[in-house]
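The structure appears below as structure tokens.
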Amino acid sequence: MQPTDLTGLPDGVPEHLAEQGIEELYPPQAEAVEKGVTDGESLVASVPTASGKTLIAELAMLAAIERGGKALYIVPLRALAGEKAREFEQFERYGLSVGVSTGNYQSDGERLANNDLIVATSEKVDSLVRNGARWVDDLACVVADEVHLVDDAHRGPTLEVTLAKLRARVPDLQTVALSATVGNADELAAWLDAELVDSDWRPIDLRTGVHYGQALHLDDGTTRELPVERGEAQTAAIVRDTLQDDGSTLVFVNSRRNAEGAAKRLATVVAKELTSGQRAELAEVAEEIRADSDTETAETLASAVERGAAFHHAGLSRTQRELVEEAFRDRLVRTVCATPTLAAGVNTPARRVVVRDWQRYDGDSGGMKPLDVLEVHQMFGRAGRPGLDPYGEAVLVTDDHDGLEALFDRYIYADPEPVRSKLAAEPALRTHVLATVATRFATTREELLEFLDGTLYAEQTDETGRLEQVTDDVLAYLDANEFIERDDGLRATETGELVSRLYVDPMSAAEIIHGLREADAETTPLGFYHLVSRTPDMYELYLRSGDREKYTELLYERETEIPGSTPSEFSEGEFEDWLSALKTAALMEDWTEELDEDRIAERYGVGPGDIRGKTETAEWLLGAAERLAGELDLDCTTAVRDARKRVDYGVREELLDLAGVRGVGRKRARRLYRAGIEDRSGLRNAEKPVVLGALRGRRKTAESVLAAAGHPDPEMDDVAADPDAAPDEAETTDGGGNAGGDGQASLGDFE
DNA sequence: ATGTAGATCGTCTAGACAGCATGTC
DNA sequence: CTAGACGATCTACAT
């Protein structure tokens, strides 16, 4: 089948596709068309990565738009939302518009309601529905990318419930679910009343195997020599071998430390093969990495990159991750050692993939747990760049003979696990039951159960009554916390409705409300940071050895600043969680005391990416706390707002006003303040030489800052910097604050 | 006394969504 | 119910 055979698409699209070099549809794509994706037919496509899933989705969405409806594309990651939207924008010339909506990014220009094609994360879609987005009723087609993620215990239920809700709300909604190859694609299709395309077809050949001894044992039964030199790791030998064939290698490992360690060692292998031109280009990338952050993580990464290797994990900042991905795609960095961040994220294929570690620590099961077949296959799928490599090769590694056969059985010849719904767990149902009631989607227990009957869980379970039981437990919980009322039917209280719209876990909301009610004149920002940090929506910081004593001491020192009562030291788990939350709160306090990033990273043993992640979450939760405090008319509303703003800007109290000026962050605000400019109006009326001096003579910066502050004449030409206003760098290194510092600053700060 | 291979012990462990209103150095 | 890699420190023994 050729693109020009396609019907039902906007004018010009078939020709456009042909011009893009698509002569013939891939077999799974042709099958999808035959089964009716362009006629509004629902479809589950279970096919390997990089075998043309995106085009199937595009055909479905374009046809739906041509029929006069809207299309929604649901992605699992924010980073993918932008990437997909850029891809879809190629069709804007055929008269349709593309919009993006994620938690941190809302498409500008026309509101979402005016876009024909919307890309969003599953949580954002859920949130939009909760907040009453009208355009949902105009949908003709939803696409769920990576639908096998409904198996994920944490985020899977959201995708599952969102799909069920959209389908229940919009009659005859076309549902296109794209999945990796899984064990039970037929069940997914049955759930979504969809046709099924289940295929192993790949555009380029993928060879898989295991490296053992001096050879690569491949899945087709052949063996290829791949010698390991004395004192050399197997992975190093594989990287060296790939390099001789001018290819790149992606190495998956099970911890951040291993990723960094492996990158360091492999760098010596890659460095031997570099030309001086490549060295120079790599040095530039390394410089950008150092410029982005001066943490130890950044330095380790930069020095590996200089030698053509890199690591990739969630401790890296957004910029660092992108630099690594880009340098790898440009074949500058020839090997990347990564944790699973890279397997699920943006498109970064390599000639060879090595899955070095096939087990990972899992606290719940108390030891190392083998990775799922599906997960390993997803990593394998990163091997081979379509149109660039003749083939891809993905290998596991073992050093004992029994392991060779065991790995073949476990991962090479094995089928992926079936996808199982994780909906019937309290944490998942808490939030979705509340939302369903709050939006009046269900007004009785019966309607609620009827709705839940449309989920994958109901499709899969044999255990009658389980979902009903958990639902009743959840309803009782929500009732006890006054989020819903159960007189005649179900109804959300005003608080309950707000909680649903704020998108926080009801249990977090309950904890926050409880804490806010106990807040008094002694409560400090640290106390509010602790309150949101002990919520289930905050991912806990790991307590390392020595931390237990350290934070126990800190806790008793500052106990009165924290709202709520400290759990008994003898109730092991709870006390531990309390300390862990205190560690997070202390990090937040250091951040708001303007401690430098590298000091924070060192003190808490985290990377720049973690600091960002923590402050982002805290800011979000403090925002929710602020709204809840307002709703309940509590005295601490202003104090919470200040705490939130301080986390947002990363500044002490006296800089809040200045840091609110566009173009002024924590660093610039502090410099201006030191030069005697204390707030926005001070900036507006400031002497230009002083401002210029404080901003280290950066004319452009000074002009835009003055303009943002509302200065009548921001022009900086012919202004000389006032040397007295220039910051003394020696003083800027450390904000002087620490966990035991002057947290008393806002004591008694209530209205 | 000094050097060093090898045993022993202790430490530590993947990822990332959301409200709201606008922009870091 | 369950682990294992890595690095720091210690020990034993040769020189």
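Each chain gets a letter, A, B and so on, in the order its sequence line appears, and its residues count up from 1.
If you take atom P in dA14(B) and the same atom in dA5(C), they sit 15 Å apart, rounded to whole Å.
Across all strands shown, L77(A) has heavy atoms under 4.0 Å from sugar-phosphate atoms exclusively, and none from any base. Note on N254(A): only backbone sugar-phosphate atoms sit closer than 4.0 angstrom, heavy atoms only; bases stay farther off. T102(A) comes within 4.0 angstrom of sugar-phosphate atoms only, judged by non-hydrogen atoms across all strands, and of no base. Backbone-only contact: N258(A) has heavy atoms under 4.0 Å from sugar-phosphate atoms and none from a base. At the heavy-atom level, S365(A) lies under 4.0 Å from base atoms of the strands shown. Heavy atoms of R265(A) sit under 4.0 angstrom from primed sugar atoms or phosphate atoms, though from no base atom. Among the protein residues, Y503(A) comes within range of the sugar-phosphate backbone only, with heavy atoms under 4.0 Å from sugar or phosphate atoms but none that close to a base.
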Dot-bracket for DNA chain B, 5' to 3', counting Watson-Crick or G-U wobble pairs under 3.5 Å, with [ ] for crossing pairs and | for inter-strand pairs? |||||||||||||............

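In this structure, a donor-acceptor pair under 3.5 Å is present between the side chains of S317(A) and D292(A).
Here S545(A) reaches the OP1 or OP2 of dC12(B): one of its side-chain N or O atoms lies under 4.0 Å away. OP1 or OP2 of dG15(B) lies within a sub-4.0 Å distance of a side-chain N or O belonging to R256(A). Regarding contacts with the backbone of dA18(B), a side-chain N or O of R78(A) is found under 4.0 angstrom from either OP1 or OP2.
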With salt bridge (charged side-chain N to carboxylate O under 4.0 Å, His left out) as the test, would you mind laying out the steps for D126(A) and R130(A) before giving the verdict? CA-CA 6 Å; D126(A) 187 18; R130(A) 290 185 189 194; 3.3 Å; yes

Using the rule given for side-chain contact (heavy atoms from CB on, under 4.5 Å), can you reason through E576(A) versus R548(A), listing the C-alpha separation, both sets of side-chain angles and the distance that settles it, and then say yes or no? CA-CA 8 Å; E576(A) 199 88 8; R548(A) 227 195 118 85; 2.5 Å; yes

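Where T121(A) and R360(A) meet DNA chain B, the nucleotide closest to each residue was compared, and R360(A) sits on the side nearer the 5' end.
For H313(A), counting side-chain heavy atoms from C-beta on, the closest listed nucleotide (dA14(B), dA5(C), dG15(B)) is dG15(B).
Sorted by first and then second residue, the salt bridge (charged side-chain N to carboxylate O under 4.0 Å, His left out) pairs involving residues 72-85 of chain A (not counting sequence neighbours) are R78(A)-E616(A), K84(A)-E87(A).
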Scoring nucleotides 20-25 of chain B by protein non-hydrogen atoms under 4.0 Å (B base, S sugar-phosphate only, - none) yields S--SSB

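Under the 6.0 Å distance and 45° angle rule, R666(A) counts as a cation-pi partner of W591(A).
Aromatic stacking of W620(A) on dA18(B): satisfied, with centres closer than 5.5 Å and planes within an angle under 30 degrees.
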